[in-house]
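Computed over heavy atoms, backbone and side chain alike; hydrogens, waters and symmetry mates excluded. In this text, all values refer to a predicted model and were calculated from it rather than measured experimentally. Numbering of ligands and ligand atoms starts at 1, following listing order.
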Amino acid sequence: MIVVRGSAELGGLEGLRRPGPLVLVPTMGALHEGHLNLVRQGAAHGPVVVSIFVNPTQFGPGEDFEAYPRDLESDLALLAGEPVAAVFAPTVADMYGAPGEVSVRAGRRAEGLCGAIRPGHFDGVLTVVAKLFGMVRPDIAVFGRKDAQQCLVIDQMVRDLRLAVTLVDAVTVREADGLAMSSRNRYLGPADRARALCLSGALAAGRAALEHGERDAASVERLMREALSGADVIDYAVARALPEMSPCATPLGGGILLAVAARVGPARLIDNVALRVDAQGVAETHLLAGWPATAG
Ligand code: PAF
């Protein structure tokens, strides 16, 4: 595994460019099984480069940028046992050194949900992802489906800016009890860890309602919100039409994202499930259209 510790060493990736695709898995480190799943998904398509960079521009004032867990050596140890060709760990100066005046502004898909609660967050995500795409020049990039709005916002950037990268959204990896894996789960003590299950519980409640024939988005959202009552602050509990994240028509149908975000103790957590609702019933689906159904 090659470790590229700054943009000056990026030439080290050149040997990985073969006739086949080069795959990028962008991360902020603090790696867990969910990230390793992204790596394994990516490795099915070509040599994998994992980037590790805690991106300052996607954190707002009062958010956890300083506290965000950073441990490059343990991340590297974890990746050493995985099919990873290279790790790219740039510095802040590599990514944001002068001149640093141009940034990417997210479009309409970033307006609600996390975009409303964290103003500027998706502009920061898109700016750093565009830079990573420019530096690593991947053919394929793999993102976790847990960050559904992020996947959809990046998808819009790739389409609008005509970037030559194929996006893959990889299935959310969960703990045995259903909690979606997240670097921020490290903030949870035992009592908050137990309460955090209300997020996956809320999605299960919304999905069960759909499976029982409920087609009114407001009713599904009410049930999800009720199931989140164990959280300290509910940021949102919504059903949105995929892929534009627009409000659902009634009766609800087609691609539907059920998405929740809540604060539990010191952690702000998010979770979601992408569903296809049609005459055949309710089934989990991919976020990004056009990828074969077996890729999750
Ligand atoms: O999902 C993440 O870890 C980050 O938002 C990303 C995509 C690596 C950009 O900093």
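Counting heavy atoms of neighbouring residues, nucleotides and ligands inside a 6.0 Å radius, atom CZ of Arg70 exceeds 12 of them.
Between Arg174 and Asp271 there is a salt bridge, since a side-chain N of the basic residue sits under 4.0 Å from a carboxylate O of the acidic one.
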Do any nitrogen or oxygen atoms of ligand 1 lie under 3.5 Å from a protein nitrogen or oxygen, and which ones?
from     : atom 1 : to     : atom 2 : distance (Å)
ligand 1 : 1 (O)  : Gln150 : NE2    : 2.8
ligand 1 : 5 (O)  : Gln58  : NE2    : 2.9
ligand 1 : 5 (O)  : Gln150 : OE1    : 2.7
ligand 1 : 10 (O) : Gln58  : OE1    : 2.6

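Judged purely by distance below 3.5 Å, without hydrogens or angles, the side chains of Tyr96 and Asn55 pair a donor atom with an acceptor atom. At a cut-off of 3.5 Å, with distance as the only test, a side-chain donor of Arg145 or His286 sits close to an acceptor on the other residue.
A cation-pi contact, defined as under 6.0 Å to the ring centre and within 45° of the axis, is absent between Arg162 and Phe133.
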Apply the test salt bridge (Lys or Arg N to Asp or Glu O under 4.0 Å) to residues Arg193 and Asp177: give CA-CA distance (whole Å), side-chain angles for both, the deciding distance (0.1 Å), then the verdict.
-> CA-CA 11 Å; Arg193 167 69 181 75; Asp177 59 6; 2.9 Å; yes

